[in-house]
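Here's the structure we're looking at; comments come further down.
This one's a predicted model, so the numbers in the text were calculated from it and none came from an experiment. By convention in this document, chain letters (A, B, ...) are assigned in the order of the sequence lines, proteins followed by strands, and residues within each chain are numbered from 1. Below, each value reflects all heavy atoms present in this structure, side chains not excepted, and no hydrogens, waters or symmetry copies.
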Protein chains: 2
Amino acid sequence: MAIGRSPQSSSQTPDQGAARRPSRARGIPEATVARLPLYLRALTALSERSVPTVSSEELAAAAGVNSAKLRKDFSYLGSYGTRGVGYDVEYLVYQISRELGLTQDWPVVIVGIGNLGHALANYGGFASRGFRVAALLDADPAVVGSSAAGLPVRHMDELESIVESQHVSIGVITTPPGAAQQVCDRLVEAGVTSILNFAPTVLTVPDGVDVRKVDLSIELQILAFHEQRKAGDEPDRTESVLDRAPGPVRAAAAKLRRAAGGNGKPRTAAESAKDAEPAAKGKPGKTGEGELSAVMPA
Amino acid sequence: MAIGRSPQSSSQTPDQGAARRPSRARGIPEATVARLPLYLRALTALSERSVPTVSSEELAAAAGVNSAKLRKDFSYLGSYGTRGVGYDVEYLVYQISRELGLTQDWPVVIVGIGNLGHALANYGGFASRGFRVAALLDADPAVVGSSAAGLPVRHMDELESIVESQHVSIGVITTPPGAAQQVCDRLVEAGVTSILNFAPTVLTVPDGVDVRKVDLSIELQILAFHEQRKAGDEPDRTESVLDRAPGPVRAAAAKLRRAAGGNGKPRTAAESAKDAEPAAKGKPGKTGEGELSAVMPA
DNA sequence: TAGATTGTTAATCGATTAACAATC
DNA sequence: TAGATTGTTAATCGATTAACAATC
């Protein structure tokens, strides 16, 4: 399983895609970068209410973070506040926008125009943040030619020419999981260097390409974990004595399980559900495996 | 801005919702919990290929993480491997499923059936992970009564009775941002204690309620930040000398800007784009502010 | 036994936060 | 000047990772 290309970072939570590189560009920590959009949103709201200045305490409350953290975050950008007064809202909006690169236009392609692709194409927050949908792409001839959000859905074959002619550097993948890596490869080959992946697939990309991932299933599972703890703790703790048995016993048990072809345990909900699906068990590249976008519009 | 309820955690990246509490239930770090679904997905794929055992090195590669990290993560669950051999795939699938609470059924309500709500309703990964869509809800009479993914869209008025009768503890919010807090309040009031929020809104919830957030706009902005650094570093660095000027000078400049009602800077792409939108500037609760789901099906 | 691989240690790194001097 | 609030320090906490003893 040797790899010459680095797999994308990890989950939603600790660090993501870009963390592959020195982790900070010009000394700004990843954790801070990830919060800048939050601050920007809160500041934009204040700006629209024509609020001239805001204190770190107020802004932190609006963004849902600790005020010391906010001040520390801002200190990486420079000294943009005024002691005793607070921060100038408009000025800070501009500084953060500039830091995030939002003062320029970012053409984006969306690949895979199912329900999710449609939802993203219609996403109002795109344009208002400097992002522009350069093209919608799909491999399905039944989808190509239709339109979404006023844009025509074009065929995957046009990907390379679109990326080149429109200088697209950001791609959004909303395909079924089986197609994600292949689409990713084509995007990267065409020159895209940042990818937002909605398919539940670990993408492998060359150095220099950033991948961020959005995964509904993972988010729900994390919620379920905590939810489980709330209701009376240790709910259906049907832990076998073997689970905590000394090594040799467990090893022997595992060997037996392997030989028997089963695990001697009640099946998980996931396993049970699987039978109800049309997915061919034991087939790689199967369906029904957590695809947020597997359902294409009819 | 005093608050009696805690605002949700922060961005996608550092920590999320549940991190409000002791951060670990039964000693499992949040970062580990967030990776368990990744491992589970990789293991499920191996299971379907009937692979009996897997080493930490192989599994880590498949999940896109460091193998030492994976072994450390698993050590929090117990000693489920066999030295010199690796991990029994089926056994580990079961153990992680159980740890995540996926051996039980989780009824979920989705509120806000726009494009995104539709996409989620059709999400195949729901059922295969123990999650079940208990109901689709919307406030718009034009949407209520239609169906999505074979389920009828019901009116918000039914929320409370559905949550109670079906013991729903997880709610997904895919409404426009202006409705999110209100919907959240109703969900919590009805008894929901875990919320997955797709609206670009900071939700305030009582203690004991977990909120996780998925925000396309934030993800794109983080990508843009890194993208900006790739292309020749310091691209349109139109930094005014005032930006780094000593305190008194900046303070005076800020005061002037406030008095003049402008910031004396080129406008951000966000600001420019705003004019093209129908949003009423200066109005709180405005539209066009990053709503992933503001577009309801016609 | 010899090779393989886990589980754990310990060092390192990065992020968070309270506290407060600087200064508006 | 007095009150307010930033920007920074330093302590603490949590996460990552290489290395390796334990043990299959």
Side-chain angles (χ1 to χ4, degrees), chain A residues 1 9-11 13-16 19-20 22-24 27-35 53-61 64-88 91-92 244-255 258, chain B residues 9-11 13-16 19-20 22-24 27-35 53-61 64-88 91-92 244 246-255 258:
Chain A
M1 275 214 182
S9 184
S10 57
S11 111
T13 318
D15 61 340
Q16 272 246 12
R20 285 297 78 126
S23 175
R24 45 178 66 190
I28 303 182
E30 267 305 305
T32 296
V33 171
R35 279 188 295 266
T53 60
V54 66
S55 72
S56 63
E57 203 66 55
E58 292 165 334
L59 185 54
V65 306
N66 178 296
S67 71
K69 192 191 282 183
L70 177 142
R71 288 196 301 275
K72 190 100 170 81
D73 284 342
F74 286 178
S75 75
Y76 293 111
L77 308 185
S79 292
Y80 294 152
T82 305
R83 287 167 142 102
V85 177
Y87 300 90
D88 182 89
Y91 188 54
L92 205 45
R244 298 282 174 180
V249 179
R250 284 206 332 280
K255 208 165 294 175
R258 270 197 297 286
Chain B
S9 183
S10 57
S11 114
T13 318
D15 62 342
Q16 274 246 10
R20 284 298 77 127
S23 175
R24 42 179 66 189
I28 302 182
E30 268 304 307
T32 296
V33 171
R35 280 188 294 267
T53 60
V54 66
S55 71
S56 63
E57 203 67 55
E58 292 166 332
L59 185 55
V65 304
N66 178 297
S67 70
K69 194 191 282 183
L70 176 142
R71 288 197 300 278
K72 190 101 169 81
D73 283 342
F74 285 178
S75 76
Y76 293 111
L77 308 185
S79 293
Y80 294 152
T82 305
R83 288 166 140 102
V85 178
Y87 299 91
D88 183 89
Y91 188 56
L92 204 44
R244 298 281 174 182
V249 179
R250 283 206 332 282
K255 207 165 294 177
R258 269 197 298 285

Within the pair [X] and [N], is there a side-chain N or O less than 4.0 Å away from OP1 or OP2?
{"X": "A:N66", "N": "C:dA15", "value": "no"}
{"X": "A:T82", "N": "D:dT6", "value": "no"}
{"X": "B:Y87", "N": "C:dG7", "value": "yes"}
{"X": "A:S56", "N": "D:dT5", "value": "no"}

If pairing requires Watson-Crick or G-U wobble contacts with both distances under 3.5 Å, which nucleotide is the partner of C:dG3? D:dC24
Using Watson-Crick geometry (N1-N3 plus N6-O4 or O6-N4) or G-U wobble (N1-O2, O6-N3), each under 3.5 Å, D:dT17 is paired with C:dA10
Please tell me which of the listed nucleotides, [options], lies nearest to the side chain of [X]?
{"X": "A:S79", "options": "C:dT16, D:dT17, D:dG7", "value": "D:dG7"}
{"X": "B:K72", "options": "C:dG7, C:dT16, D:dT16", "value": "D:dT16"}
{"X": "A:A31", "options": "D:dA15, C:dT16, D:dG7", "value": "C:dT16"}

Using a distance-only criterion (donor-acceptor N/O pair, under 3.5 Å, no hydrogens), is the base of D:dT5 paired with the side chain of A:R83?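 Flag unset: no donor-acceptor pair detected.
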Residue pair B:D88 / B:T53, side-chain donor-acceptor N/O under 3.5 Å: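 Not at all, the side chains of B:D88 and B:T53 share no donor-acceptor pair under 3.5 Å.
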5'-most contact on DNA chain C: B:S55 or A:D73, nearest heavy atom basis? B:S55
Return the 5'-most residue of the pair B:G86, A:T32 with respect to DNA chain C, ranking by each residue's nearest nucleotide.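 Between the two, 5'-proximity favours B:G86.
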Are A:Y91 and A:Y80 an aromatic pair by the rule of ring centers under 6.0 Å? yes
